[in-house]
Undergrad: 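The following block contains the structure, expressed as structure tokens.
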Amino acid sequence: MKTMSAVSKKSDPELQLLRDGVSHDPHQYLGLHEGGKLIRLWRPGASETYLEVEGNCVQAEKISSDGLFVYRPTKPLSAADYRVYHASG
């Protein structure tokens, strides 16, 4: 399993595009990846963020001060298995 620092180092070019607001396809990097074993979330300004995963509320881990969060489920998920919570609904 990759460590969070490995995810963060690998993501530097993608993160820079997100930071600069010039990514032409942010969901190529964000969302569900690695065969359903990783969810990346971009929430600039957020100190924490939550997801509903198969009916359970879970907290994603903040791995970048810019607002990159990750969640690694215990088993592979599909896009229908999770929802991202947002303060405004």
Side-chain angles (χ1 to χ4, degrees):
M1 181 166 100
K2 293 179 185 175
T3 65
M4 290 302 119
S5 61
V7 172
S8 181
K9 288 178 184 173
K10 176 183 179 280
S11 66
D12 286 346
E14 295 91 346
L15 268 179
Q16 193 60 50
L17 292 173
L18 289 169
R19 286 181 190 117
D20 295 343
V22 296
S23 176
H24 73 281
D25 185 8
H27 289 98
Q28 179 179 343
Y29 180 69
L30 299 173
L32 189 62
H33 291 278
E34 295 185 10
K37 296 179 181 178
L38 174 70
I39 301 171
R40 292 188 196 100
L41 306 153
W42 181 242
R43 297 288 185 258
S47 59
E48 54 189 27
T49 194
Y50 294 86
L51 302 97
E52 178 185 325
V53 177
E54 297 183 318
N56 298 305
C57 183
V58 297
Q59 186 172 5
E61 178 181 358
K62 188 171 188 176
I63 63 166
S64 165
S65 61
D66 295 84
L68 182 65
F69 291 81
V70 297
Y71 177 73
R72 289 190 175 274
T74 56
K75 65 178 187 172
L77 300 175
S78 73
D81 293 329
Y82 78 98
R83 296 186 305 174
V84 179
Y85 281 111
H86 192 275
S88 62

Undergrad: Between D20 and L17 (side chain of the first, backbone of the second, donor and acceptor by atom type, cut-off under 3.5 Å), is there such a pair?
TA: no
Undergrad: Rounded to the nearest 0.5 Å, what separation is found between the CZ atom of R43 and the CD atom of E48?
TA: 13.0 Å
Undergrad: Taking the six-membered ring of F69, is the NZ or CZ of R40 close enough (under 6.0 Å from the centre) and on axis enough (within 45°)?
TA: no
Undergrad: Closest heavy-atom contact between G36 and P73?
TA: O-CG, 3.4 Å
Undergrad: Measure across A60 and L51 and return the closest heavy-atom pair with its distance rounded to 0.1 Å.
TA: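 In this case the closest contact between A60 and L51 is CB-CD1, 3.8 Å.
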Undergrad: Give the C-alpha distance, both sets of side-chain angles, the deciding distance and a yes or no for side-chain contact (heavy atoms from CB on, under 4.5 Å) between W42 and R19.
TA: CA-CA 10 Å; W42 181 242; R19 286 181 190 117; 4.1 Å; yes
Undergrad: Rounded at 0.5 Å granularity, tell me how far CD in E14 sits from CG in L68.
TA: 10.0 Å
Undergrad: Just how far is it from atom CG of L77 to atom CD1 of I39, taken to the nearest 0.5 Å?
TA: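 The CD1 atom of I39 is 5.5 Å from CG of L77, to the nearest 0.5 Å.
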Undergrad: Output yes when a side-chain donor or acceptor of K62 lies under 3.5 Å from a complementary backbone atom of T49, and no otherwise.
TA: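 No.
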Undergrad: Hey, which of Y50, Y71, Y85 is the one that makes side chain to side chain contact (heavy atoms under 4.5 Å, CB included) with Q59?
TA: Y50
Undergrad: Regarding E34 and R72, does a basic nitrogen lie under 4.0 Å from an acidic carboxylate oxygen?
TA: yes
Undergrad: Within the 4.5 Å heavy-atom criterion, are L38 and V70 side-chain neighbours or not?
TA: yes
Undergrad: Taking atom CG of D81 and atom CG of L32, what is their separation to the nearest 0.5 Å?
TA: 8.5 Å
Undergrad: Would E54 and K75 pass as an ion pair if we require N to O under 4.0 Å?
TA: yes
Undergrad: Walk me through whether N56 and E52 qualify under side-chain hydrogen bond (donor to acceptor under 3.5 Å, both in side chains).
TA: CA-CA 5 Å; N56 298 305; E52 178 185 325; over 6 Å; no
Undergrad: Looking at side-chain heavy atoms only, is the closest gap between D66 and P44 below 4.5 Å?
TA: no
